[in-house]
**Q** 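Before I ask anything, let me first share the structure, which is written out below as structure tokens.
Here is the naming used below: chain letters follow the sequence lines, and residue numbers restart at 1 for every chain.
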Amino acid sequence: MALKGLDIFKLTPKTNCKECGSPTCMAFAMKVAQGAVDITKCPHMSDDALATLSEATAPPMKTIKVGTGDAEYTLGGETVLFRHEKTYVSKSRYAVSVSCCEENMDAKFEAAKAVDYDRIGERMHVEMLYLDYCGDCDAAGYAEFVKKAAESGKTLVLGCTNVDVAKAALDVCKDSKPILDGADASNYEAMSKLATEAGVVLGVRGADINELYDTVAAIEKLGNKNLVLNVGTASIKDAFATTVQIRRAALKNTDRTFGYPSIVNVGKLAPGDAAMQAALASLFTVKYGSIIVMEGMNYAQALPLYGLRQNVFTDPQKPMKVEPGIYALNGGDENSVCLTTVDFALTYFVVSGELERSGVPCNLVISDAGGLSVLTAWAAGKLSSTSVSKFIIENVEPKVKSRKLIIPGKVAVLKGDIEAKLPGWEVIVAPNEAVQLVKFLKDMQANGEI
Amino acid sequence: MTLFDRAFGGSSEMYAWAEKSVAEALEKYGADAAVSLPSTAYSLPCYYAVTGEKLTTLGEVKAALEGKIKEMMTRKERLHNVFQAGIATALAAEIIETMKYMDGAQPYEEPYVGHFTDAMIRELGVPLVTGDIPGVPVIINAAPSVEEAVALVKSYQAQGNFVTCVGGICDQLIEAGYNTGFNVRVTLMGKDITSAAHVVSIALRAALIFGNITPGDLPNLMKYTFERVFAFVNAFAPVDDLTVGCGAGAIAFGFPVISNDMESLKGMNVPKSLILQPDTEKFNPTSIEARDVKIKVTDIDIPVAFASAFEGEIIRRGDMQVEFDGSRVDCFELVQTKEASEVEDHKIEVIGPDLDEFEVGTKHSIGYIVEVAGRNMQSDFEPVFERKFHSYLNCIEGVMHTGQRDMIRVRVGKAAFEAGFRAKHIGEVLYAKIKNEFDAVVDKCQVKVITDPEKCTELRHNLAIPSFDKRDDRLRTLTDESVEVYYSCILCQAFSPSHVCVVTPERLGLCGAVSWLDAKATNELDPQGPCQVITKERVIDERTGEYEDVNEAVKMYSQGALENVSLYSIMENPMTSCGCFECICGIEPFSNGVIIANREYAGMTPLGMTFPELASMTGGGVQTPGFMGHGKHFIASKKFMKAEGGIERIVWMPKELKETVAERLNESAKELYGIENFTDMIGDETIAEDPETLLEFLTEKGHPALGMDPMM
Amino acid sequence: MPFNGKSGKFNAAIRTVEIGTGDKAVKLGGENVLPFYTFDAPIENAPKIGVMITDMGLENEVAGIKDYYNGCTSFAEIAKKAEEMPGADFVVLRFEGADPNGENKSVEDCVAIAKEVGDAITAPLVIEGCKNVEKDAELFAKVAEALQGKNVLILSAREENYKGVAAAAGLAYNQKVGAESAVDINLAKQLNVLIGQLGVDQGNVVMNVGSAAAGYGFEYVVSTMDRIKAAALSQNDAQLQMPIITPVAEEAWSVKEAMASEADMPEWGSQEERGIDMEVETAAAVLASGSNAVILKHPTSVATISKLIKELV
């Protein structure tokens, strides 16, 4: 069990020297307890205290960094098995695999770039390329292929168990901090040496979970703890069992040998079956896949997958928010009716979905309500006649000519106050549930009210 | 003659009748002839339900009559025996009725119904289970007049009841041309008293089908019909012995009998079971009350719309027909708990002039008293109901309400007035809403709307204000020690899965919104809801407020995430926090005390953490020793971190918060430690935002925390 | 030192609920491990797949679905074809058209369709309503009556209408009752308790704890199911041990990603493919979170998820 903040505080010098960057020793101790700051940031800890704490506060699962610059990603570092316990730390990352013998290599690289869009402030794209070594090409050929792949700017994963070939490839790309996914029971000493020298993360695989475990233990003995674990491609059942068991062993049974992120190659688990790969990517996003490798990524596969990832990797206590603003729907323009609701992403999606179904041109006005749902925001004072009217006056009135505003039925109580604060506006109360909006708007349209 | 004699007499008479019917049938068809009632898998249903045996031949019927039924007819003058004899009477009646169906006969013709098929019972059972059919009146014999018969049936029908008629009343309804039938929920069972057996058959088959009662399990059968089948008997005078015998059966199944036979039943009334009501106009309310039938109020009888969409409507001065203004004249709103006998359900009384007697745009007095009665009603719920008045009245189109207690203002708009809105409609709304929302505890409700200014003045000072004072006193004297149980609150688990609030009188929910009384009311009104009873019988540590039963409850409601919670300590297993706490207190080690930050405070605290930073590590249903979320109200509580020494430990609060709680906090500090103006010793952001400056200030003021035992 | 994989098998188990009759009856639930954790203990009954058809026929369906049902002219034919879909375990008839704010089909018409479908197939039948609580209550009572003896699952009783729906389905006509709540463990439990208090046997209840398409608040679905399974298995909470069924099709096919036309979103590619992937990925995610059955509609989705389940169990 992790140490409580106060236990850590007792070991600090209690001088509030601020050298760690926190204003007080208490604030520092609490941050360490949360895992937000490393204990070594305090220059005044006694050796005894450090020894006590680093063992106790060391995370059960390593945080592994790969890539550089914009393409740098953090993997692992998880502390819980279920997202309701605490926010998951590192998102699953998606990779597309390309083989060095691929005939339409350029087209493949190009296709990996196709999916690239923004969803609620997050860039959605294929972050990595998994570069499969066919086993036949020579070292120079593979290195040439890797060099070409590096031009994509994506983080590279070298899927190669041949030490010499891997060395050649690393020579051309090690500065971009790729992953060398190539250690197994037969080559781990050489591979580990290679990865350590190149300063890159080493991927480890095994014929089964026991061999994987033994190989990891052996590599750790060599002093290399910069690893990711390839869960194998024997079967879907086996890959799932391995993925779940290594994560559970690390977090629940604090078996640090398995305290590393995972690589799941779903492309190899269901070759040629795009729909099955989509299903597997989804499965491993929910259950413990750190890097998920697919044969390709098109929009059909990506749209649900990235949405799922965005949902699963949210803070259970901090709801997702959309940007405040005026969202024109169904070709709404300056003369279209305005509707307002909160910036809680789920509310926004549900309401905008129903509005789109209605087909009625309108402007959905979102003001900052702290990312809370309608009633919660209202109860917390974040959705009030003042917040709504202020936003309308400052942002809507200059752009929109319509002076009809529809407010959520659940805050009908605000109607009078909003009217008082928004002279010239007609305030209309919507039904309580978003699903009733379609009929409500259609009726208003039919009656010539909008 | 005693009531027992009459019941036994009726039972014997019914038995003899049954013997005769069976004998006639035997003669005609022989012992092997098949016996059944149409379209039922439970034949004969009453006998099967009571004994667990199905009867299929005439021979078996005869054996049953002479065996089990006869055995039930002991004549000992005990309640149990008279119930047994009553049930036997019903079983004998069922046999008589069954004989009418021998050889595929169809003894009942429209508009009479007789036996109900299983399909009819399944269809009827659903609304019975849901309460859409609140009750099943069984009306026996002819009413004193056709008009009275029609009036009584109509009154039950209007409440949604399923009315069954036996004997003379049927002729009266036919004579009046009254529309009857299964679909309109008024059925004519038959001309003979024995047709009452078909009603019993409905109740017992409902128990088998919907209650999963094992046939033959008489105790559970009786329990089910008592608890779930809201039938009752209205027997018009004269009541003969046969009917008394059947009545004993009805009472055995939990169905009270109401009669106007003041002669033959004189002095025989049994509370809640046999009730004599000379006034047939009062049969309906008397029966509804005796059987605890919960009538659903579906419509609010007012001339304007009622919807939450009108809640935020504002009536401006120019649009105002009339105003009641508690800041100028005497006004009040009040809920009062009364005895059932003092309340006439749905009585709306207007005392004083009505709205059309006021000049447009003038100010007046108003008082409205909602008087409620109910077995589970407690006076602690009164303020809970009252707090809803604001929302109820605002939902009326064209009415605006603000304030509470005796500081209310109500405006009625011109348009609402034109549409016919009057003083009594305020009563209608309050009646309908209270009956609907609080039906778990309110059986009866009446409303008085007082517009007479002198009466308002008198009632405000002699009734309302003393009631409010009494309530406030109760709140003040309510301590953790003075109550038997606490309540859990898990409303926030959607956001903080493992969080459980333990709400005690002195420690309200940390959102500041759920007091012990609120939690108690929530529990009574919604027994499966978010607030559950937590006992506190097995003390582990009085000082920290740790109880075995509280720990068990917390473990259960957090699904195992939390095992131990102390109510009065922030250092040892402190209560967890969700995300909606009003304040956070946290240990400030340098001054040996705690600081408190409220949600509104945006600045830095001497801990080196802002409110959001504190919130991020305190929230989420995780125990964080040294830190705790709580409500503002809790700051002045004598239980505030009592285990660590109490409010004396408070060394810092934002200025605004300090001012809000100053009066009560100073009062508590004076009482507990004899410290005057304690808040003057407490730092705020204008004095210090770092521990060193704060410590200087505390030293200068001689803050008591500096001299206390170390917190850790 | 070899890897010591501690088993995560629980002492408690999810209740088994059977729907349908005869050879094709299916069992939902029964497992004593987390979803697909076959390495802890065998999964008692593999998750099942229902194929959804609606009372609105095929008019509004995508080409791939229309093609599959090509030539079917009656509800009976559509239903027969649905039960024959490779990977299908049961058929779901959804009364979308009963919605008073939509087509507002009469209860009688709906009952006729239910009978037609019920008589045409031998696979178990699940009935979904239109989500209007009053209409559903009325409709379900009549449908439950009309389909007596077929052991159908009625989806679903909700907080607002549970009394009528559960009394009709669970008590009067001996069908299975679906208990639907909106992604909250406590609401789910409360509804189960209330339905139990009506007298419905807990072994006849299946939960729909709420669903969402991937990307649309799906975190609540994951956490609700995670917590329910944890409470049911590790805390042995009998009020949460009902198997879970999740209607995926209607959520998946009604979000923008599946509805936007190719003309509006040319870079997104085939609309049908988008719908399939939304359905497949949402289904995979709810199964991974603990659903014992999913409701799908596209043949490709059914085939894919069926294969996924076979691979994993």
Side-chain angles (χ1 to χ4, degrees), chain A residues 2-7 9-10 12 14-16 18 20-36 82-87 315-319 372-373 376 378-381 385 407-420 427-432 440, chain B residues 307-316 390-391 394-395 400 492-499 511 513 559 561 570-571 578-580 582 586-590 595 599-600 604-610 612-627 689-692 711-712:
Chain A
L3 274 186
K4 298 284 187 191
L6 284 190
D7 302 322
F9 172 75
K10 285 177 195 161
T12 64
K14 306 188 194 99
T15 51
N16 295 343
K18 303 181 180 57
C20 60
S22 295
T24 64
C25 293
M26 177 62 87
F28 173 71
M30 297 309 290
K31 282 181 197 158
V32 174
Q34 282 186 299
F82 299 101
R83 65 171 292 284
H84 65 264
E85 297 172 325
K86 207 172 176 195
T87 321
D315 181 343
Q317 284 158 61
K318 276 199 213 100
L372 303 172
S373 68
T376 320
W378 173 71
S385 58
I407 62 171
K410 285 185 174 151
V411 287
V413 65
L414 296 178
K415 178 179 191 263
D417 283 344
I418 295 177
E419 271 174 346
V427 179
I428 302 159
V429 177
N432 275 345
F440 178 77
Chain B
S308 61
F310 301 109
E311 213 179 334
E313 193 186 25
I314 288 178
I315 314 279
R316 291 186 179 75
H390 174 68
S391 152
N394 270 325
C395 286
M400 181 175 91
C492 301
Q493 281 202 352
F495 290 104
S496 293
S498 55
H499 173 68
C511 54
Q559 274 102 28
I570 72 164
M571 299 302 290
C578 50
C580 22
E582 291 183 301
I587 180 168
E588 205 299 284
F590 298 91
I595 65 107
R599 189 171 287 277
E600 295 79 11
M604 181 51 75
T605 72
L607 290 190
M609 289 178 269
T610 59
E613 284 172 326
L614 286 163
S616 74
M617 58 195 209
T618 310
V622 186
Q623 285 181 329
T624 316
F627 297 85
E689 288 188 356
D690 65 86
E692 289 79 16
M711 279 184 77
M712 54 177 197

**Q** Are any non-hydrogen side-chain atoms of B:M609 and A:K31 less than 4.5 angstrom apart?
**A**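 SC-SC contact between B:M609 and A:K31 ruled out.
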
**Q** Heavy-atom distances under 4.5 Å only: say whether A:A420 touches chain B with side chain, backbone, both or neither.
**A**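 For A:A420, the contact with chain B is made by backbone and side chain together.
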
**Q** Determine the option with the most heavy-atom pairs under 4.5 angstrom with chain A, choosing from B:T624, B:N394, B:L607.
**A**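 Most heavy-atom pairs within the cutoff with chain A belong to B:L607.
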
**Q** When only pairs under 4.5 Å are counted, which of A:L414, A:V413, A:I428, A:V429 shares the most heavy-atom pairs with chain B?
**A**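 Top option by heavy-atom pairs under 4.5 Å: A:V413.
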
**Q** Checking B:M400 against chain A: side chain, backbone, both or neither under 4.5 Å from a heavy atom?
**A**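 Neither part.
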
**Q** Taking atom CE of A:M26 and atom OG1 of B:T605, what is their separation to the nearest 0.5 Å?
**A**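 The OG1 atom of B:T605 is 10.5 Å from CE of A:M26, to the nearest 0.5 Å.
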
**Q** Name all residues meeting the side-chain contact (heavy atoms from CB on, under 4.5 Å) criterion together with A:N16; count only those two or more places apart in sequence or in a different chain, and write none if there are none.
**A**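 Partners of A:N16 by the side-chain contact (heavy atoms from CB on, under 4.5 Å) criterion, ordered by chain and then number, come out as A:T24, A:C25, B:F590, B:P691, B:E692.
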
**Q** Are the side chains of B:M571 and A:L6 in touch, meaning some heavy atoms are under 4.5 Å apart?
**A**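 Yes, side chains in contact.
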
**Q** How many angstroms lie between CD in B:E311 and NZ in A:K415, if you round to the nearest 0.5 Å?
**A**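 B:E311 atom CD to A:K415 atom NZ measures 12.5 Å (nearest 0.5 Å).
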
**Q** Side chain, backbone, both or neither: which part of B:I587 has a non-hydrogen atom closer than 4.5 Å to chain A?
**A**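 Both backbone and side chain.
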
**Q** Using the side-chain contact (heavy atoms from CB on, under 4.5 Å) criterion, which residues pair with A:P23? Sequence neighbours excluded.
**A**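 If we apply the side-chain contact (heavy atoms from CB on, under 4.5 Å) test to A:P23, skipping adjacent residues, the hits are A:A27.
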
**Q** So what's closer than 4.5 Å to chain A heavy atoms on B:R599: side chain, backbone, both or neither?
**A**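 For B:R599, there is no contact with chain A at all, as no heavy atom is under 4.5 Å.
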
**Q** Identify the heavy atoms of A:G416 and B:I314 that sit nearest to each other, and give their distance.
**A**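 Nearest heavy atoms, A:G416 then B:I314: C-CD1, 3.2 Å.
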
**Q** Using non-hydrogen atoms only, which part of A:K10 is less than 4.5 Å away from chain B: side chain, backbone, both, or neither?
**A**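 Only the side chain of A:K10 comes within 4.5 Å of chain B.
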
**Q** Would you mind checking which part of A:F28 comes under 4.5 Å of any heavy atom in chain B, side chain (CB onward), backbone (N, CA, C, O), both or neither?
**A**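 Answer is neither: A:F28 stays 4.5 Å or more from chain B.
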
**Q** At what distance, to the nearest 0.5 angstrom, does CD of A:E419 lie from CD of B:E313?
**A**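 Reported value, rounded in 0.5 Å steps: 9.0 Å.
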
